[in-house]
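To keep things clear, I will list the structure first and then write my remarks on it.
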Amino acid sequence: MNISKKQAPRGFFDEQEALSKLSKLKDPLEKLNQVIDFEVFRENLNAIYQKPDRKSNAGAKPFDYVLMFKILIIQRLYNLSDEQMEFQLNDRLSFKRFVGLEFNHAVPDCNTIWNFKQALSVNDNVKKLFNRFYEVLEAKKLIVSEGKMVDASFHEVPRQRNSKDENKQLKEGEVPKTWSGKKLSHKDVEARWTKKNYESFYGYKNNIKADTKSKLIDKYEVTSANVQDSQTLDKLLDEKDKGQPLHGDSAFSGQNQEATIEKFKMINKIHEKGYKNRALTEEQKANNRIKSTTRARVEHIFGFIENSMKGTWIRTIGVARATVNIGITNLVYNICRAVQLKIDMFTGEKCVQSLKRA
């Protein structure tokens, strides 16, 4: 078959030439590697995964922890299943280069990737990694702390086809007696249904607090989808927020929320809420519009996750694994946002102009 008149015989440097072409085409993963020093996670990864000294060197050696962690980063960036992640690592040179695999290296299979994620589902390990990168962002003075904003988004899981009686038992905190063995392993007893704007959602909720200037996520809490947004406010705020304005939609209004904001000595910029027998005045509506110019910035975060990170769909079962997925989602977002702000973690330089334009 005559493919091309310019077809050349196979050579020793075909892989290098292909990677060079990818660089010329501005491979986004190469830029990620250039800007972010993933070695900052090694100490935490060693603490999570390193086992006591083995008595024997027999058996297969584990993959490098930073390499495996970068696989989770790229997996969430493209929202791939474990099986698809294994396939793409074997198929795509750009993925191999990003994680540090040569063409002749063994590639972790889907079970290895799954097992690696399992260790993050205990002891708040995924939050430890999130907080480690947040420390880096603080050291680079990217957390401006001129204001905070809070909001939440849904992360849906495979919908359960349960009977009304089964759903009633789940709401009461009971597991139906007919569920056992293999059937129970396929049932998510911790996800919940909720409605918003007449649309039904089933799964979990990603509650975040973010920096209004840099749009970097400060803290997050994972709950089932039916938990009201404002119920996590006390966990999202901390002493470092003192004196800063707090922006949020009317879901965060109310006496309890006002008391929480006052407790942390923040400036209340939460949208005012109208009621059935007490509509908002024109002045209140005008104030809400002014507040919206800042509060709306939190939607940019969720928009990036939904569009650039290929959505919020979760394929796992149970709150522990959903927490890992959502935690990695928030971490990957912060990493991508750091690249947007052009932080040079290798030289210690920071791009102030990027923040001004943000």
Side-chain angles (χ1 to χ4, degrees), residues 146-157 159 162 164-165 167-174 190-213 215 217-239 241-303 305-306 312 319 326:
E146 293 180 358
K148 303 298 177 184
M149 48 192 178
V150 287
D151 208 345
S153 68
F154 295 113
H155 286 241
E156 291 198 88
V157 298
R159 297 191 174 193
N162 305 329
K164 288 184 178 180
D165 185 54
N167 280 328
K168 182 181 178 182
Q169 291 180 63
L170 288 173
K171 287 180 180 179
E172 294 172 352
E174 299 176 5
E190 293 158 316
R192 291 291 183 270
W193 285 96
T194 192
K195 273 191 175 183
K196 184 176 181 180
N197 299 329
Y198 306 103
E199 187 177 355
S200 295
F201 297 90
Y202 180 74
Y204 299 93
K205 192 179 282 187
N206 181 18
N207 305 271
I208 69 166
K209 179 189 72 178
D211 194 69
T212 56
K213 189 66 176 177
K215 291 189 285 190
I217 298 173
D218 284 3
K219 291 179 72 175
Y220 69 91
E221 288 293 329
V222 178
T223 64
S224 55
N226 65 331
V227 174
Q228 214 275 339
D229 294 1
S230 61
Q231 291 184 27
T232 61
L233 189 60
D234 190 67
K235 293 181 179 179
L236 291 174
L237 305 184
D238 54 48
E239 297 299 327
D241 301 326
K242 181 180 177 181
Q244 298 181 51
L246 178 67
H247 298 266
D249 61 28
S250 58
F252 293 92
S253 63
Q255 291 183 350
N256 292 337
Q257 289 68 47
E258 288 176 7
T260 299
I261 296 168
E262 187 175 344
K263 179 178 112 175
F264 288 97
K265 296 180 172 58
M266 298 189 73
I267 303 167
N268 193 338
K269 294 290 184 180
I270 301 297
H271 280 40
E272 295 182 78
K273 186 177 182 179
Y275 296 92
K276 186 176 182 180
N277 298 319
R278 194 180 67 193
L280 291 175
T281 65
E282 290 303 317
E283 183 181 357
Q284 288 174 315
K285 291 178 181 178
N287 287 336
N288 279 352
R289 284 193 291 271
I290 294 171
K291 293 172 184 175
S292 288
T293 58
T294 299
R295 190 214 68 82
R297 291 172 67 82
V298 75
E299 302 297 344
H300 302 171
I301 297 173
F302 296 135
I305 293 172
E306 191 65 42
T312 54
V319 67
I326 292 172

Just so I know, are the side chains of [X] and [Y] near enough to count as touching, which here means a heavy-atom distance under 4.5 Å?
X	Y	answer
F264	K242	no
N256	L233	no
Y202	V157	yes
T312	E306	yes
D211	K148	yes
D234	K263	yes

I'd like to know if the side chain of [X] and the backbone of [Y] have a donor-acceptor N/O pair within less than 3.5 Å.
X	Y	answer
K273	G254	no
K209	L236	yes
D249	A251	yes
T294	K291	no
T232	K235	no
Y204	V222	no
T293	R289	no
N207	E221	yes

What are the two closest non-hydrogen atoms of [X] and [Y], and how far apart are they?
X	Y	result
I270	N268	N-OD1, 2.9 Å
L280	E272	CD1-O, 3.9 Å
A210	I301	CB-CD1, 3.5 Å
R295	G248	CD-C, 3.5 Å
R159	S200	NH2-O, 3.1 Å
H155	I326	ND1-CG1, 3.7 Å

Query - T194/R192 under side chain to side chain contact (heavy atoms under 4.5 Å, CB included): CA gap, chis, key distance, verdict - result: CA-CA 7 Å; T194 192; R192 291 291 183 270; over 6 Å; no
Query raised in the report: According to the interplanar angle, ranging from 0 to 90°, do the rings of F154 and F201 count as parallel (below 30°), tilted (30 to 60°) or perpendicular (above 60°)?
Result: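 The rings of F154 and F201 lie parallel, inter-plane angle below 30°.
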**Report entry** CA sep, side-chain torsions, deciding dist, call: T281, E283, side-chain hydrogen bond (donor to acceptor under 3.5 Å, both in side chains)
**Finding:** CA-CA 5 Å; T281 65; E283 183 181 357; 5.2 Å; no
Query raised in the report: If you draw a 6.0 Å radius around NZ in K219, do more than 12 non-hydrogen atoms from other residues or ligands fall strictly inside?
Result: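 Yes, NZ of K219 has more than 12 neighbouring heavy atoms, counting only those of other groups under 6.0 Å.
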Query raised in the report: What's the verdict on side chain to side chain contact (heavy atoms under 4.5 Å, CB included) for K215 and M149, showing C-alpha distance, side-chain angles and the deciding distance?
Result: CA-CA 9 Å; K215 291 189 285 190; M149 48 192 178; 4.0 Å; yes
**Report entry** Stepwise side chain to side chain contact (heavy atoms under 4.5 Å, CB included) test for I208 and F302
**Finding:** CA-CA 10 Å; I208 69 166; F302 296 135; 3.7 Å; yes
To the closest 0.5 Å, what do you measure between [atom1] ([X]) and [atom2] ([Y])?
X	Y	atom1	atom2	result
N206	Y220	CG	OH	8.5 Å
R297	D151	CZ	CG	14.5 Å
S253	Y275	OG	OH	4.5 Å
H271	I290	NE2	CD1	10.5 Å
I261	K269	CD1	NZ	12.0 Å
N287	K285	CG	NZ	12.5 Å

Query raised in the report: Is the shortest distance from a Lys or Arg side-chain nitrogen in E199 or K196 to a carboxylate oxygen in the other one below 4.0 Å?
Result: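 Salt bridge flag = no for K196 with E199.
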Report task. For the residue pair D165 and Q169, confirm or rule out a side-chain donor-acceptor distance under 3.5 Å. Result ->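 The criterion, which ignores hydrogens and geometry beyond distance, is satisfied for Q169 and D165.
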Requested in this report: Show the numbers, then the answer: is there a side chain to side chain contact (heavy atoms under 4.5 Å, CB included) between T260 and L237?
Outcome: CA-CA 9 Å; T260 299; L237 305 184; 4.2 Å; yes
